[in-house]
Trainee: 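Submitted below is the structure of interest, expressed as structure tokens.
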Amino acid sequence: MTDTDREQLLTAIRSAIAAAPNAQSAMTQAVRLLKDAIPYYNWVGIYVMDGNELVLGPFLGKPSPHTRIPVGSGICGAAAAEKATIVVDEVNADPRYLACSVETQSEIVVPIMRGPDVLGEIDIDSDQRAAFGQPDRTLLEPVAAMLAERMAED
Ligand code: SME
């Protein structure tokens with residue numbers, strides 16, 4: 001995927017999020033657009049913060065056993081605790097990893113932040129090792145910021 005492709009995808013996601021009737025729909029559409037556009041995004045989901053737990057919202061890919069993840073648990077919980085994007089090149093080499101699918105090799109988790117508060121996260125798994133890099137952060141961090149605006153409305 002070229003930088004131009006990525007910019008066009010971001011534009012499409014921005015439009016869909018703006019046109020969505022509510023935050024739930026905005027999340028569902030962002031997940032769909034990301035999953036459809038990028039072949040190595042094998043599982044795409046959004047977790048929403050509920051108290052001290054992350055609750056699985058819209059997702060595409062195999063069903064995950066991890067529908068509620070406490071902050072501090074797993075890579076998802078670590079990203080919420082650190083309030084920072086985490087990229088893991090080899091999930092099976094990371095002791096924090098909570099397995100969702102045996103095919104998964106690498107993962108990126110991008111917190112959805114409103115000021116100092118974590119509202120949720122974008123979580124993406126790939127069946128390719130070390131699939132995620134700076135281009136994925138450059139795509140996903142603005143998507144997280146757009147979702148934060150819609151989620152804060154509800
Ligand atoms: N791998 C995540 C759990 C979520 S599943 O990948 C969908 C983690 O370690 O927190």
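Start at 1 and go down the list; that is how both ligands and their atoms are numbered. The chain is numbered in sequence order, starting from 1.
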Trainee: Between the side chain of D136 and the main-chain N/O of G133, is any donor-acceptor distance below 3.5 Å?
Mentor: yes
Trainee: Under 4.0 Å between a side-chain nitrogen and a carboxylate oxygen: does that hold for R6 and D3?
Mentor: yes
Trainee: Would you mind running through ligand 1 and noting each atom that sits below 4.0 Å from a heavy atom of D123?
Mentor: 4 (C), 5 (S), 6 (O), 7 (C)
Trainee: Heavy-atom contacts with C100 under 4.0 Å: which atoms of ligand 1 show up? List them by number with element.
Mentor: 5 (S), 6 (O), 7 (C)
Trainee: May I ask you to decide if the ring planes of W43 and F59 are parallel, tilted or perpendicular, using 30° and 60° as cut-offs?
Mentor: parallel
Trainee: Considering the heavy atoms of Y97, write down every atom of ligand 1 situated less than 4.0 Å from one of them.
Mentor: 1 (N), 9 (O)
Trainee: Using modelled atom types and a 3.5 Å cut-off, is there a donor and acceptor pairing between side-chain atoms of R150 and backbone atoms of A20?
Mentor: yes
Trainee: Could you list which atoms of ligand 1 come closer than 4.0 Å to a heavy atom of S64?
Mentor: 5 (S), 7 (C)
Trainee: Under 3.5 Å, N or O to N or O, is G77 touching ligand 1 that way?
Mentor: no
Trainee: Has the side chain of S73 got a donor or acceptor atom that lies under 3.5 Å from a matching backbone atom of I69?
Mentor: no
Trainee: Please evaluate residues R68 and D50 with respect to the criterion salt bridge (charged side-chain N to carboxylate O under 4.0 Å, His left out), reporting the C-alpha separation (whole Å), side-chain torsions for both, the decisive distance (0.1 Å), and the verdict.
Mentor: CA-CA 9 Å; R68 296 189 80 94; D50 177 22; 2.9 Å; yes
Trainee: Provide, to 0.1 Å, the distance between atom 6 (O) of ligand 1 and the closest protein heavy atom, together with that atom's residue and name.
Mentor: D125 OD2, 3.0 Å
Trainee: Please confirm whether the backbone N or O of Q128 pairs with a side-chain atom of S106, one donor and one acceptor, at under 3.5 Å?
Mentor: yes
Trainee: Is the closest heavy-atom distance from Y47 to ligand 1 below 4.0 Å?
Mentor: yes
Trainee: Give me the nearest non-hydrogen protein atom to atom 3 (C) of ligand 1 as residue plus atom name, then the distance to 0.1 Å.
Mentor: L98 O, 3.5 Å
Trainee: May I ask you to list the atoms of ligand 1 that are less than 4.0 angstrom from any heavy atom of C76?
Mentor: 2 (C), 8 (C), 10 (O)
Trainee: Is there at least one pair of N or O atoms, one from G74 and one from ligand 1, spaced under 3.5 Å apart?
Mentor: no
Trainee: Starting from atom 8 (C) of ligand 1, locate the nearest protein heavy atom and write down its residue, its atom name and how far away it is, to 0.1 Å.
Mentor: I75 N, 3.3 Å
Trainee: Quick check: do E121 and V110 have side-chain heavy atoms less than 4.5 Å from each other?
Mentor: no
Trainee: Under a 4.0 Å threshold between the charged nitrogen and the carboxylate oxygen, would K62 count as salt-bridged to E103?
Mentor: yes
Trainee: Of the side chain and backbone of F59, name the one, both, or neither that has a heavy atom under 4.0 Å from an atom of ligand 1.
Mentor: neither
Trainee: Who's the nearest protein heavy-atom neighbour of atom 2 (C) of ligand 1, and how far?
Mentor: E107 OE2, 3.2 Å
Trainee: For ligand 1, note which part of V91 has a heavy atom under 4.0 Å away: side chain, backbone, both or neither.
Mentor: neither
